[in-house]
Amino acid sequence: MKVYLGGTFDPVHNGHIYLARDLVSVLKVSELYLMPCYMAVHKNTVAASPKQRLEMLNIAVSAYPELIVDERELAQAVPSYTFDSLLSIKTDIGDEPLSFAMGIDSLLSFSDWYKADEISRLANLIVIDRPAGSFNVSDEALFDKRKESMDNLSKLGFSVIEDSSELKACQFGKAVVLSLDLYDISSTEIRNLSKERKNITHLVGTKVAEYIQAHNLYQS
């Protein structure tokens, strides 16, 4: 089974790496692919260039052979749509099961994604849950949003399962929610700290922090 985790990685941080390694462990796979986007269609701005984000990501995963960077979205140099990327991956891997991991926050808007109603015929979904306190909404409002989003998955062709081990036997069309240890780190926080010339080594690791400093990233 191929497992993909996408993102802007602007910059990549320890939370991304810890989550990716946790997924490898929980899903019992030998590798996980990190796929940086060229241009995020759901975000207004990306501060670092595609080349810089790729270089930071390669630095961050260099100590973890189970984490592999997939550059296909960067190579296309166009706005990144998950459907197009999954179609490309599926073309490469044929009948091998494919799973795409996303945070619960992404799930809340998933039905609005480009060709969301066709993604269930390409891949399974792994939804990473987050504590209610990490959202700026009431518990009741969040419960309603989550329920609506899970209901939408069924309407979009996904069958929700409880056991993630079932993903290995399914090429596509399954969805599972995983509650993993989450790390309170955000790329926005790191960019703000960098702008204020504060230490970020504990958030991104020594080598990525040195790269950010050497290239004067996130200073304006």
Original post:
Could you walk me through whether Tyr33 and Lys2 pass the side-chain hydrogen bond (donor to acceptor under 3.5 Å, both in side chains) check?
Top reply: CA-CA 8 Å; Tyr33 293 82; Lys2 301 291 187 186; 3.2 Å; yes
Subject >> Derivation of the side-chain hydrogen bond (donor to acceptor under 3.5 Å, both in side chains) call for Ser194 and Arg191 >> reply: CA-CA 5 Å; Ser194 296; Arg191 293 194 297 270; over 6 Å; no
**OP:** Apply side chain to side chain contact (heavy atoms under 4.5 Å, CB included) to the pair Leu19 and Ile128, showing each step before the final yes or no.
**Re:** CA-CA 9 Å; Leu19 173 59; Ile128 313 301; 4.0 Å; yes
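Counting heavy-atom neighbours within 6.0 Å of Asp184 CG, excluding the residue itself, gives a total of 12 or less. Under a cut-off of 6.0 angstrom, the local environment of OH in Tyr18 is sparse, with at most 12 non-hydrogen atoms contributed by other residues, nucleotides or ligands. More than 12 heavy atoms of other shown residues, nucleotides or ligands fall within 6.0 angstrom of atom CG in Asp163. Within a 6.0 Å radius of CD in Gln213, other residues, nucleotides and ligands contribute 12 heavy atoms or fewer.
A pairwise comparison of heavy atoms in Ala60 and Ile17 identifies CB-CD1, 4.0 Å as the closest pair. The minimum heavy-atom distance between Ala47 and Asp10, with the atom names listed, is N-OD2, 2.7 Å. When all heavy atoms are compared, the tightest approach of Arg53 to Tyr38 is NH2-O, 3.1 Å. Taking both residues in full, the closest heavy atoms of Ser187 and Pro11 are given as OG-O, 2.9 Å, listed atom of the first, atom of the second, then distance. Here the closest non-hydrogen pair linking Pro97 and Cys170 is CB-O, 3.1 Å.
The closest side-chain heavy-atom distance from Leu32 to Leu5 is below 4.5 Å. Side-chain contact check for Glu66 versus Arg21: some heavy-atom pair is nearer than 4.5 Å. Using a 4.5 Å heavy-atom threshold, the side chains of Asp84 and Lys115 count as separate. Contact of the Leu98 side chain with the Tyr4 side chain is registered, since non-hydrogen atoms from C-beta on lie closer than 4.5 Å. Residues Leu34 and Val12 have side chains not in contact (no heavy-atom distance under 4.5 Å, counting atoms from C-beta outward).
Classification of the Phe110-Trp113 ring pair by plane angle, with boundaries at 30° and 60°, yields perpendicular.
Annotation: the span from Leu193 atom CG to Asn199 atom CG amounts to 8.5 Å, rounded to 0.5 Å. Here the straight-line distance linking atom OG of Ser159 with atom CG of Leu125 works out to 12.0 Å at 0.5 Å rounding. In this structure, Ser164 OG and Lys28 NZ are separated by 7.5 Å, a value rounded to the nearest 0.5 Å.
Among residues at least two apart or in separate chains, there is no ring pair (Phe, Tyr, Trp, His ring centres under 6.0 Å) pair with a member in residues 148-168. Judged as a ring pair (Phe, Tyr, Trp, His ring centres under 6.0 Å), not a single pair has a partner in residues 52-74 (not counting sequence neighbours).
For the side-chain hydrogen bond (donor to acceptor under 3.5 Å, both in side chains) with Ser85, the lone residue among Glu73, Gln76, Arg72 that qualifies is Glu73.
A salt bridge does not link Glu166 to Lys174: none of the charged nitrogens lies less than 4.0 Å from a carboxylate oxygen.
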